[in-house]
Every structure is written in C-alpha cells, then in structure tokens.
Amino acid sequence: MQRRRISAVSRRSPLLAVVRRSPVRDAVDRDIRRVLQPRLDLPLPPGPARTGDALHVLRQPETRSLVYERLDLAGGIWRRLGRILRAVYRPQAALEFSCPDIGPGLIVSHGFATIVVAAAIGEDCLISQQVTIGYSDKGGPPVLGDRVRIGAGAIVIGPITLGDDSVVGAGAVVINDVPPGAVVGGVPARVLAGAQDEFSALRRSAPGPAEQ
C-alpha cells in the first residue's frame, strides 16, 4: 500500500514541476490552498502550499482540469506543455471551461457534468457539481465577482453579474443580476430575505496574514 502511494505521488511530480515554473503558479497555489481550506470565514493557509499537500490536491481530476485551463490561457510553451500533460494526467472528463479571466482560489467541487462559460470569475469562488454557467438568448455569459459560491445543479445564464460574496442555492436558475452578499434560490432565482451564508468572508473582521 505504501509503495503504491509513493508511486502515485512520483507520477504527479512532473505536473507540479511545470506548474511551479509557469506564470500561473501563484494562481494555482491559491487554488490548492483554497481546496485545503474551503471555508471563507476562516483564514487561508499560508503559502506556498507544501509539496505533499499540492500533490494530494492534484489527485483530483477537476483540479487538473483547472490547471490545464490556466496553462492554456498562459499561451505559448505553457499551453503546449499543458496539452502534453493532459494526455498523461487526465482531467475531469465531464468538466468544461471557457473563461478568459479566472481569478485565483477557484474550487470546482467534484466537477462532474459542469460547464463554465463566463466572461470573468473573481477570486476565491466555489462552483459545485452539475452546474451550468453560460450564454442565454439575451446575449453573453455571466460575470462572477469575488467569493461567489454556486450550489449543485444551479444554472446561471446570460449577461448578468453575480456580486461579491453572493451565494446561489442548489438547483436555482439565475437569469438576473445578484446583489453583493445576497443569497438567491428558486426557479427563477430570487433573493431569499433573511438568508445568510454562515461561511461567508463577510463574517471575518479582517483577512488572515496570507490574504493581506
């Protein structure tokens, strides 16, 4: 068992080595640390992530999908290396990205049957499984602010903006702008009066040392 675990870690070392030499290393490092600490109401673990922790997180195919999207956006040799690595270290097969601006600290939880087509995604966002983000018949794709959380099975479509610290409930269908800090749910989604996100960064009085 121990031998198999060591072998699995060693097989992922080239992927981590490329990431740590690339222009996306800081964004991926925050992705990894955010996976290790997904609660926004608690401080982010100090960086950079330890090698063992980074290799552990890279076991997740959805994390690898995000890494390859970041390398692709970096262009040039990094795009080519990402495509080579993709053939060896497989991404999540049912996870698709199309976004020119992805902030650091993104978590894609599970990632199964998830499509993310966005104009921009802010820092420290969380997207759950079976989520659809994309165009509508009204035009372009959404913009996600910082620390946006989208629950499983939600649909977010059209040229709308999800404000900073907003939360989309599981199964919601969002077709209108969401105010900062709001919690929305339902079909079509509406602001849920009195609802609060108990894990929101707004519950912290100040950011942790790693987030300064």
Side-chain angles (χ1 to χ4, degrees), residues 1-74 77-99 102-116 118 121-133 144 147-154 170 199 208 210-211:
M1 174 66 83
Q2 183 66 22
R3 182 176 298 174
R4 288 200 300 270
R5 185 178 298 118
I6 292 172
S7 176
V9 167
S10 65
R11 288 197 301 269
R12 288 189 296 277
S13 296
L15 174 56
L16 182 59
V18 168
V19 166
R20 287 187 165 172
R21 287 167 174 78
S22 76
V24 303
R25 59 186 175 273
D26 291 340
V28 174
D29 179 73
R30 192 175 181 96
D31 296 337
I32 290 169
R33 289 186 289 134
R34 182 52 70 195
V35 170
L36 294 170
Q37 172 49 287
R39 286 181 53 173
L40 297 174
D41 59 322
L42 298 176
L44 192 66
R50 295 181 300 177
T51 297
D53 288 337
L55 290 171
H56 176 73
V57 173
L58 287 173
R59 292 177 61 189
Q60 303 176 4
E62 56 268 32
T63 301
R64 295 197 295 269
S65 291
L66 177 56
V67 168
Y68 298 142
E69 179 67 12
R70 292 197 186 281
L71 289 172
D72 196 56
L73 290 172
I77 189 174
W78 306 110
R79 175 181 293 144
R80 294 193 292 274
L81 285 171
R83 291 177 179 177
I84 292 170
L85 290 165
R86 181 187 295 265
V88 180
Y89 310 105
R90 303 300 296 178
Q92 172 60 259
L95 171 60
E96 298 292 337
F97 284 102
S98 179
C99 180
I102 302 175
L106 176 62
I107 299 176
V108 182
S109 178
H110 305 300
F112 175 75
T114 296
I115 299 174
V116 180
I121 299 173
E123 294 186 359
D124 294 331
C125 291
L126 184 149
I127 299 172
S128 297
Q129 69 271 23
Q130 297 181 306
V131 165
T132 298
I133 301 172
L144 279 60
R147 300 172 300 278
V148 172
R149 297 173 62 212
I150 302 179
F199 302 121
E211 299 173 286

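Everything quoted here is computed from the prediction, not taken from an experiment.
By the side chain to side chain donor-acceptor pair (under 3.5 Å) test, Ser65 pairs with no residue at all, sequence neighbours left out. With sequence neighbours excluded, the residues that form a side-chain contact (heavy atoms from CB on, under 4.5 Å) with Ile115 are Val117. The side chain to side chain donor-acceptor pair (under 3.5 Å) check on Gln60 picks up Thr63, with sequence neighbours excluded. Residues forming a side-chain contact (heavy atoms from CB on, under 4.5 Å) with Gln37 (at least two apart in sequence, or on another chain): Arg34, Arg39, Leu42, Pro45.
To the nearest 0.5 angstrom, Leu58 atom CG is 10.0 Å from Asp31 atom CG. A distance of 7.0 Å separates CD of Gln130 from OG1 of Thr114, quoted to the nearest 0.5 Å. Taken from CD1 in Ile127 to CD in Gln129, the straight-line distance is 12.0 Å, to the nearest 0.5 Å. Rounding to the nearest 0.5 Å places CD1 of Ile107 at 12.0 Å from CD1 of Ile32. Rounding to the nearest 0.5 angstrom, the gap separating the CG atom in Leu71 from the CD1 atom in Ile77 is 11.0 Å.
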- Stepwise side-chain contact (heavy atoms from CB on, under 4.5 Å) test for Phe97 and Tyr68: CA-CA 10 Å; Phe97 284 102; Tyr68 298 142; over 6 Å; no
Trace of the salt bridge (Lys or Arg N to Asp or Glu O under 4.0 Å) decision for Arg30 with Asp124: CA-CA 8 Å; Arg30 192 175 181 96; Asp124 294 331; 2.7 Å; yes
Margin query: Quick one, Leu106 with Arg70, criterion side-chain contact (heavy atoms from CB on, under 4.5 Å). Give me CA distance, side-chain angles, the key distance, then yes/no.
Written below: CA-CA 11 Å; Leu106 176 62; Arg70 292 197 186 281; 4.2 Å; yes
Check against side-chain contact (heavy atoms from CB on, under 4.5 Å), Leu40 and Leu126: CA-CA 10 Å; Leu40 297 174; Leu126 184 149; over 6 Å; no
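Tested against Cys99, the residues Ile121, Leu73, Ile133 include a single side chain to side chain contact (heavy atoms under 4.5 Å, CB included) partner, Ile121.
Side-chain contact between Ile102 and Val116 is absent, with no heavy atoms from C-beta onward closer than 4.5 Å.
Applying the salt bridge (Lys or Arg N to Asp or Glu O under 4.0 Å) definition to pairs two or more places apart or across chains, those involving residues 81-92 are Asp72-Arg83.
Remark: the backbone N or O of Arg59 is paired with a side-chain donor or acceptor of Arg64 at under 3.5 angstrom.
What you find for Leu95 and Gly111 is that their closest heavy atoms are CB-O, 3.5 Å. Taking both residues in full, the closest heavy atoms of Cys125 and Gly122 are given as SG-O, 3.6 Å, listed atom of the first, atom of the second, then distance.
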Extract all donor-acceptor atom pairs below 3.5 Å that involve side chains of residues 18-25 and protein atoms in other chains or at least two apart in sequence.
residue : atom : partner : partner atom : Å
Arg20   : NH1  : Thr51   : OG1          : 2.9
Arg20   : NH2  : Ala49   : O            : 2.9
Arg21   : NH1  : Ala17   : O            : 3.2
Ser22   : OG   : Val19   : O            : 2.8
Ser22   : OG   : Val24   : N            : 3.2
Arg25   : NH1  : Ser22   : O            : 2.7

